[in-house]
2 protein chains.
Amino acid sequence: MRRNATSLAAPPVPSNGATLVNVARAASVSLATASRVFSNPELVRQDTAERVLQAAGELGFRPNLLGAKLRAQRSRIVGVMLPTLENAVFAECWHGIEEAALAQGYSLMLVTSRYDPARERERIEYLLRHRVDGMVLTVADAARSAVLEQLDAEGVPYVLAYNQGARRGKRYSVSVDNRVSARAGVERLIAAGHRRISVVSGAFVASDRARLRHMGYQDAMRAHGLQPLPPLSLPAHTPTQTPAEVERIRRFVTAPSAPTALFCTNDMLAIGVISILKRLGLSVPGDVSVLGYDGIELGQLLEPPLSTVAQPNNEIGARALGCLLARLEPASARAAPAPRMPRATLLPHALREGATVGPPA
Amino acid sequence: MRRNATSLAAPPVPSNGATLVNVARAASVSLATASRVFSNPELVRQDTAERVLQAAGELGFRPNLLGAKLRAQRSRIVGVMLPTLENAVFAECWHGIEEAALAQGYSLMLVTSRYDPARERERIEYLLRHRVDGMVLTVADAARSAVLEQLDAEGVPYVLAYNQGARRGKRYSVSVDNRVSARAGVERLIAAGHRRISVVSGAFVASDRARLRHMGYQDAMRAHGLQPLPPLSLPAHTPTQTPAEVERIRRFVTAPSAPTALFCTNDMLAIGVISILKRLGLSVPGDVSVLGYDGIELGQLLEPPLSTVAQPNNEIGARALGCLLARLEPASARAAPAPRMPRATLLPHALREGATVGPPA
DNA sequence: GTGAAAGCGCTAACAT
DNA sequence: ATGTTAGCGCTTTCAC
């Protein structure tokens with residue numbers, strides 16, 4: 001309900017009456033024709049269209065998408081659920097999603113889950129009530145996610161972002177190969193001369209990606225005849241710099257045969273760990289090397305720039321949306337029924353050199 | 001249009017038919033009564049409500065908000081336009097907005113403008129077509145913003161976040177006092193012994209906040225009998241670490257009577273500048289002190305932790321939403337017509353000590 | 001406390 | 001190429 005302007009002389013005031021019916025009336029055409037001018041312009045003659053457009057302009061007509069979406073029985077809204085935007089990985093991903101949706105004429109509805117299952121349920125329900133046609137989402141652990149099972153049961157189309165499709169290959173997903181890319185990262189560490197390398201992970205049990213990256217680490221170690229070391233598992237995704245946590249890290253890196261390199265399962269973690277190491281009087285990469293994972297832009301702003309396994313975050317978002325739309329609109333110009341569109345899209349990762357990795361002390 | 005589950009035994013499958021009419025039918029009440037159970041439960045007798053609720057449960061009813069919003073003539077959707085989420089300030093602000101909206105039963109629609117006027121126009125139009133009841137937004141420069149003028153002319157309720165309400169006090173806004181808080185920050189620098197202090201700003205002309213913060217800097221300098229120095233104005237909001245830019249900064253901080261302290265108009269800028277200084281072989285705060293502005297969480301993760309003028313970002317978002325809702329729902333339990341609700345809400349800032357500020361070299 | 005009826009603004013058959 | 005006619009699913013007077 002728009003209030004009228006306080007009688008300013010702005011001609012096209014889209015106050016109440018500017019509906020399609022009135023536009024049609026003003027242009028002396030039927031409601032249907034007026035509608036077509038906006039949705040299927042090719043079905044209406046040039047000059048008729050112009051009359052309608054002009055009437056629309058004079059009345060300050062602005063289509064009411066609520067009406068359109070309700071009637072059309074498909075909202076062209078995509079729901080997006082991300083853990084948080086305060087980790088730049090997901091902010092970058094949103095960027096890609098928004099761009100792609102804009103280009104395709106889809107609307108978006110964003111919610112954040114904070115990795116909280118109860119909140120996930122609530123936020124998914126919210127999206128569903130808004131009648132989203134499908135969703136793009138990242139969950140903590142796809143294999144044991146209640147919401148994904150619910151969506152599967154209800155037949156809601158969705159595409160996972162970052163979570164690598166598992167579930168007997170029955171789920172659509174867009175990600176990098178977490179295991180292989182992590183292995184590549186750790187091999188970079190090994191190539192630099194490190195033998196004692198440890199994983200640092202936040203909220204280990206909760207994240208399927210963290211686990212896959214850990215497996216990649218083990219692959220690398222074993223392939224090079226090295227002994228995988230027990231990981232340091234921090235409670236949060238971002239280090240809380242409490243004295244207790246700092247102390248844990250101190251012990252971890254100063255023990256008799258402490259690791260000379262740390263592979264952090266995400267960049268925020270790596271950044272926090274590097275700071276703590278510095279506070280402990282250790283130099284990075286002088287005393288300890290640190291490798292991150294994610295490739296957030298911020299990493300390159302730091303000094304030394306963060307060495308990391310970079311994911312194409314924008315593209316993950318854009319591709320996830322694209323993949324979803326392809327599912328929602330099967331009839332897009334191809335005659336072939338697209339027999340087996342690959343369900344898990346794996347995008348290439350990149351090793352970003354940075355300067356937090358050096359030879360062992 | 002939800003597809004049916006592939007015949008899994010999930011009882012409440014919200015397939016097509018689960019509409020309010022059918023719920024009403026199943027509970028042997030009228031459509032009106034069924035509706036009231038969900039929107040005005042106090043108008044319906046206890047046992048009737050229970051019958052309806054049970055029927056709803058059995059049918060797997062999920063209200064279609066599109067229908068509700070269309071009919072109600074108020075969408076209870078708030079549009080949010082932020083410059084980008086890749087700067088954590090705005091991600092944190094979104095956090096506050098989402099929390100507040102969830103608590104109040106409002107829906108949200110997010111768009112990012114990337115500080116691009118053309119995109120701003122387009123994204124605002126998108127929000128308007130979705131019939132948002134109002135908006136929370138941050139623009140580059142409120143005083144010369146085309147979209148704000150448009151919104152004013154159309155009478156769309158909105159509340160600015162971060163932008164300090166100007167326009168003869170006619171606009172609602174939630175922010176800190178940019179000028180006063182900047183002055184306080186610079187006075188902290190002066191108290192540390194600095195005399196030659198410069199402002200570093202990104203995209204100066206484009207940001208009203210950057211200008212206000214610069215004025216606060218001038219206030220502080222003059223109040224202490226110091227000569228304001230010409231600012232270093234970088235092209236982007238985030239430093240692009242091109243050789244040319246690095247060189248500019250090098251000259252700036254190594255000139256004959258170069259500043260001993262730098263006041264950056266936002267934290268991302270400060271972080272980037274600190275990195276560049278380090279690369280130039282300068283120590284922070286040993287050789288140069290750096291003070292940021294924004295108070296993003298990330299700043300405290302760094303080593304040394306960023307000294308900064310902190311804004312309550314979550315709260316700015318939450319309060320902006322609250323302020324908007326107060327405008328949208330004037331009849332909230334108070335008899336008084338709220339004669340002059342303050343239009344510009346100023347929240348307190350805080351000086352975060354950090355460790356990037358020290359005595360001059 | 002409950003019901004009947006009238007749309008919100010739009011799209012999509014189906015006619016012509 | 002254009003018009004006619006039904007609704008999409010819901011809220012909301014207005015009666016009873």
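Here is how names work: the chains are called A, B, and so on, in the same order as the sequence lines, proteins then strands, and each is numbered from 1.
For B:K170 and B:D152, the salt-bridge test fails: no basic side-chain N is under 4.0 Å from an acidic carboxylate O. Under the 4.0 Å criterion applied to side-chain N and carboxylate O atoms, A:R119 and B:E98 are assigned as salt-bridge partners. Taking the charged nitrogens against the carboxylate oxygens, A:E50 and A:R45 have no contact shorter than 4.0 Å, which rules out a salt bridge.
Per the geometry, CG belonging to A:L31 stands 14 Å off P belonging to D:dA6, to the nearest Å. If you take CZ of B:F38 and P of D:dT12, they are 15 Å apart, rounded to a whole angstrom. As a whole-Å value, the separation of A:L70 CG from C:dC8 C1' is 9 Å. One interatomic measurement links the two molecules: CZ of A:R76 to C1' of C:dC10, which rounds to 14 Å at whole-angstrom precision. Distance, A:R25 CZ to C:dC10 C1': 14 Å, rounded to whole Å. Atoms CG (A:N64) and C1' (C:dG7) sit 14 Å apart, rounded to a whole Å. Distance A:L43 CG to C:dA12 P: 11 Å, rounded to the nearest Å. The distance between atom NE2 of A:H130 and atom P of D:dC8, rounded to the nearest whole Å, is 21 Å.
Between A:T19 and C:dG9 there is no side-chain N or O to OP1 or OP2 distance below 4.0 Å. One finds no side-chain N or O of A:Q73 lying less than 4.0 angstrom from the OP1 or OP2 phosphate oxygen of C:dC10. Look at B:Q46 and you won't find any side-chain N or O under 4.0 angstrom from OP1 or OP2 of C:dG1. Phosphate contact (OP1/OP2 of D:dT12, side-chain N/O of B:R71, threshold under 4.0 Å): absent. One finds a side-chain N or O of A:T48 lying less than 4.0 angstrom from the OP1 or OP2 phosphate oxygen of D:dT2.
For A:F61, whose side chain is taken as the heavy atoms from C-beta onward, the closest listed nucleotide among C:dC10, D:dG3, D:dG9 is C:dC10. Taking the side chain of A:R45 as heavy atoms from C-beta on, and the options D:dG9, D:dA1, D:dT11, the nearest nucleotide is D:dA1. The side chain of B:S30 has C:dG3 as its nearest neighbour among C:dG3, C:dG7, D:dT4. With C:dG9, C:dT11, D:dT13 as the candidates, the nucleotide lying closest to the side chain of B:R36 is D:dT13. Of the candidate nucleotides D:dC10, D:dA6, D:dC8, D:dC10 has the atom lying nearest to any side-chain atom of B:P63. The nucleotide whose nearest atom lies closest to any side-chain atom of A:A32 is, among C:dA12, C:dT11, D:dG9, C:dA12.
Looking at heavy-atom distances under 4.0 Å, B:L66 makes no contact with the nucleic acid at all. Residue contacts shown for A:L65 are absent, as no nucleic acid heavy atom lies under 4.0 Å away.
Taking the six-membered ring where tryptophan is involved, the planes of B:Y115 and B:F90 are perpendicular, since the angle between them exceeds 60° and thus also 30°.
With no hydrogens or angles considered, no side-chain donor-acceptor pair links B:R327 and B:Y158 at under 3.5 Å. A donor and an acceptor atom, one from each side chain of B:H95 and A:T112, are nowhere located under 3.5 Å apart.
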